[in-house]
Each structure stands twice: as C-alpha cells, then as structure tokens.
Enquirer: 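Once you've had a glance at the structure underneath, I'll fire off some questions.
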Amino acid sequence: MKLAVVGATGLVGTKMLEVLAERNFPIDELIPVATEKSIGKKLSFKNQEVPVVGWEEAIRRKPELALFSAGGSTSLQLAPLFAEAGIRVIDNSSAWLMHPDHPLIVPEVNGTVLRETDFIIANPNCSTIQMVMVLKPLHDRYRIKRVVVSTYQSVTGTGVKAVQQLMHERQQQPGEKVYPHPIDLNIIPQIDVFMENGYTKEEMKMVLETKKIMRDDEIAVTATCVRLPVMGGHSESVNIAFEHDFNLEDVRNLLQHFPGVQVEDDPQHHIYPMPLHAHNRDDVFVGRLRRDESQPKTLNAWIVSDNLRKGAATNAVQIAEYLLSRHWLS
C-alpha cells in the first residue's frame, strides 16, 4: 500500500499522519506531498523520517490513495490529475463538496453510497460532520423537518496562522492577521466570505452539505457560524424540529448507541460537552438535551467535536478504512 498525503505539513495534514499511525492504517510506503518550499523537508512517521516530495513525483510513484488537505484551488488542479492516474483521492477542501459526481461522505452516516468507481471523494466541512453524526439516528427515528444551528468554532479551523494570530494577540506581540478583527477576547460572527443572500460560505456549506449527506432535500437548515478564541474543537447549539414526537430517554439511547457519538448529559453534575475535553479525541460529544418549550416536537442539543480529528483527519482516514474494507484498495 502506497499512500500520499497532499498538504502534509499543514495543521490537518500533520493530524492525518498522526491518525494514520494511531489507527495502524496499513501503509508500506508513505509519500508526503507539499509545496515547493517544503520539498526535501523530513516528516516523522512511525519513528521514521520521510522526505516531502512535490506532486509530480507523488503521481510518478503511483500511490493507491491520496489524502488531500491543501486547499480548494490546489484540489481543483491536482485531484483530477491524481484520479486520472488511477489514484483514489479523499479531499478535505471545499473543492468537491457539492459536485454532483462526487460523494460527500461521513462513513457512519452515508458510507454505503460509496462505489468502486468513485475516485474523488469529498470529506465534508468539519462543522457539518459533527452535526450530521447526531442528526442521523434521530432522523431515522423521528424524521427531521428543520434544523437551526449556531456554531462556536475554534481558530484551528482556519489554520496555523490563525492560531499564531491568537497567540500573538494574547501575548501582545505584533504578527500577521488572518481575521478582519482581533480574535483574542472577542468573537467574530463571520466564517469565510459573505454571499449575496447575507449568509457566509461556511453557513451555506452547512445548509447544502446536510441535505446531501442525509440524502433528504426536504430538511430545512439555517445556520449562523461564529469564530471564537478556542483551541480544542468546534461547538454547536442545534435546535431540531421533528415530524414525530420523541422521548428524551429514547433520544439519549439512540445517540449513545450510534457509532462515534458519546452522550455527556448530566447538567446537575456539570457534565456536558466542551472543546477542552473533546480535544484530540475522535468522538462527537452531545449533551444539554432538552425539549424546546416554545414549540412541540423540537429538541435542543449541544454538540462538540475536535475539528482537526473527526472534523477532518479522522473522517478522511475512516473513509480510507471503508475503501479498504470493500477491497477497493490493494
């Protein structure tokens, strides 16, 4: 098994290498790929130093699989070249999210839609992944009519330069700015660019991706996405209206038994999901489960997950594991 990681030196690429090692994904040859300035740099993987190469060299070495985390424009350019060379691509950028010819996959939710002929597979947006992990078992039981979500997203979702901006501001040091405003001691109600309808691109991703992943265009979704000076993961306040009424204990039971979801819902003992506790863990955590008393058949939930792991690297590796389980990788 030859496996390439494109964007191997970035935050998510580094996390992909970490997750691949932790989960003992069967790799005979790792091919780290990055921009020209990083070529020749050595990355550590399973106690070995592996040199970074350029994308042309990576294609020449014919890996079976390439995990991409190098940005949308790079993916638009390179993913088709890898696919044409017979290399399966799992892409973590926004490039292929809503492309009708490429599946958008959270394995626990819709892994069964994958086909052997899929050579570019999209890894969903981090905030969408953790939400649909909770929505899926509830939709199957009660049928979801509408979702209202407000997110509280970590600076790590923007990348290493955003983390540096936060740290520089916290230490009152000059440094490069990636946000239009200070992030330390602040919240910014903008993630990505604004669209003509007044929503940001991130918010519209959550709307459109949810429908695609859940395979139900009738689910109404509206989102407000907010950036916080937080490091451990993304948090979401989610209001879910159902077609059928629910029992709270049944909701907890459904969620607790769904793979990859953990219920932390004991507010009397101050037990609820927090990014500090979700950090560096693969599960999606849900709590603060309660009825919306303003209207019937509606649930409030609080969802937290490490956006670099289940929201990015771990989900990509899980897709690779699914392909391996179907014997579509040699």
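Numbers here simply count residues along the sequence, with the first being 1.
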Enquirer: Checking E236 against S150 for the side-chain hydrogen bond (donor to acceptor under 3.5 Å, both in side chains) test, could you report, in this order, the C-alpha distance in whole Å, the side-chain angles of both residues, the deciding distance, and whether it holds?
Expert: CA-CA 6 Å; E236 297 172 349; S150 296; over 6 Å; no
Enquirer: Between S44 and N47 (side chain of the first, backbone of the second, donor and acceptor by atom type, cut-off under 3.5 Å), is there such a pair?
Expert: no
Enquirer: If we check side-chain contact (heavy atoms from CB on, under 4.5 Å) with E218, which of these qualifies: E243, R143, K145, K211?
Expert: R143
Enquirer: Using side chain to side chain contact (heavy atoms under 4.5 Å, CB included), reason through K205 and D192 one step at a time and then give a plain yes or no.
Expert: CA-CA 10 Å; K205 282 181 192 175; D192 214 322; 4.1 Å; yes
Enquirer: Assess the pair F68 and F82: is the distance between their ring centroids shorter than 6.0 Å?
Expert: yes
Enquirer: Considering all heavy atoms of both residues, which atom of V132 and which atom of V109 are nearest to each other, and what is their separation?
Expert: O-CG2, 3.8 Å
Enquirer: Quick one about T298 and Q295 (side-chain donor to acceptor, distance below 3.5 Å, no hydrogens or angles considered), yes or no?
Expert: yes
Enquirer: Just do the side-chain hydrogen bond (donor to acceptor under 3.5 Å, both in side chains) check on T200 and E202 with the steps written out, would you?
Expert: CA-CA 5 Å; T200 65; E202 181 86 355; over 6 Å; no
Enquirer: Give a yes or no on whether I213 and W96 share a hydrophobic cluster (residues Ile, Leu, Val, Met, Phe, Trp, Tyr; joining criterion: side-chain heavy atoms under 4.5 Å apart).
Expert: no
Enquirer: Are a donor atom and an acceptor atom from the side chains of N307 and T156 found within less than 3.5 Å of each other?
Expert: yes
Enquirer: Do N239 and D292 come within less than 4.5 Å of each other through their side chains, counting heavy atoms only?
Expert: yes
Enquirer: Please test R288 against R290 for side chain to side chain contact (heavy atoms under 4.5 Å, CB included), starting from the C-alpha separation and ending with a verdict.
Expert: CA-CA 6 Å; R288 296 296 318 278; R290 62 208 188 278; 3.5 Å; yes
Enquirer: Testing the basics here: between V113 and P103, what is the closest heavy-atom pair and its distance to 0.1 Å?
Expert: CG2-CB, 4.3 Å
Enquirer: Compare every heavy atom of Q77 with every heavy atom of W55, then report the nearest pair and how far apart it is.
Expert: CZ2-NE2, 4.4 Å
Enquirer: Do H102 and D118 have a side chain donor and acceptor closer than 3.5 Å?
Expert: no
Enquirer: Pick from Y272, Y152, F285: which one makes a ring-ring contact (aromatic ring centres under 6.0 Å, His included) with W302?
Expert: Y152
Enquirer: On the ring face of F246, is R291 found with NZ or CZ under 6.0 Å from the centre and within 45° of the axis?
Expert: yes
Enquirer: Does the pair D265/R252 count as a salt bridge with the N-to-O cut at 4.0 Å?
Expert: yes
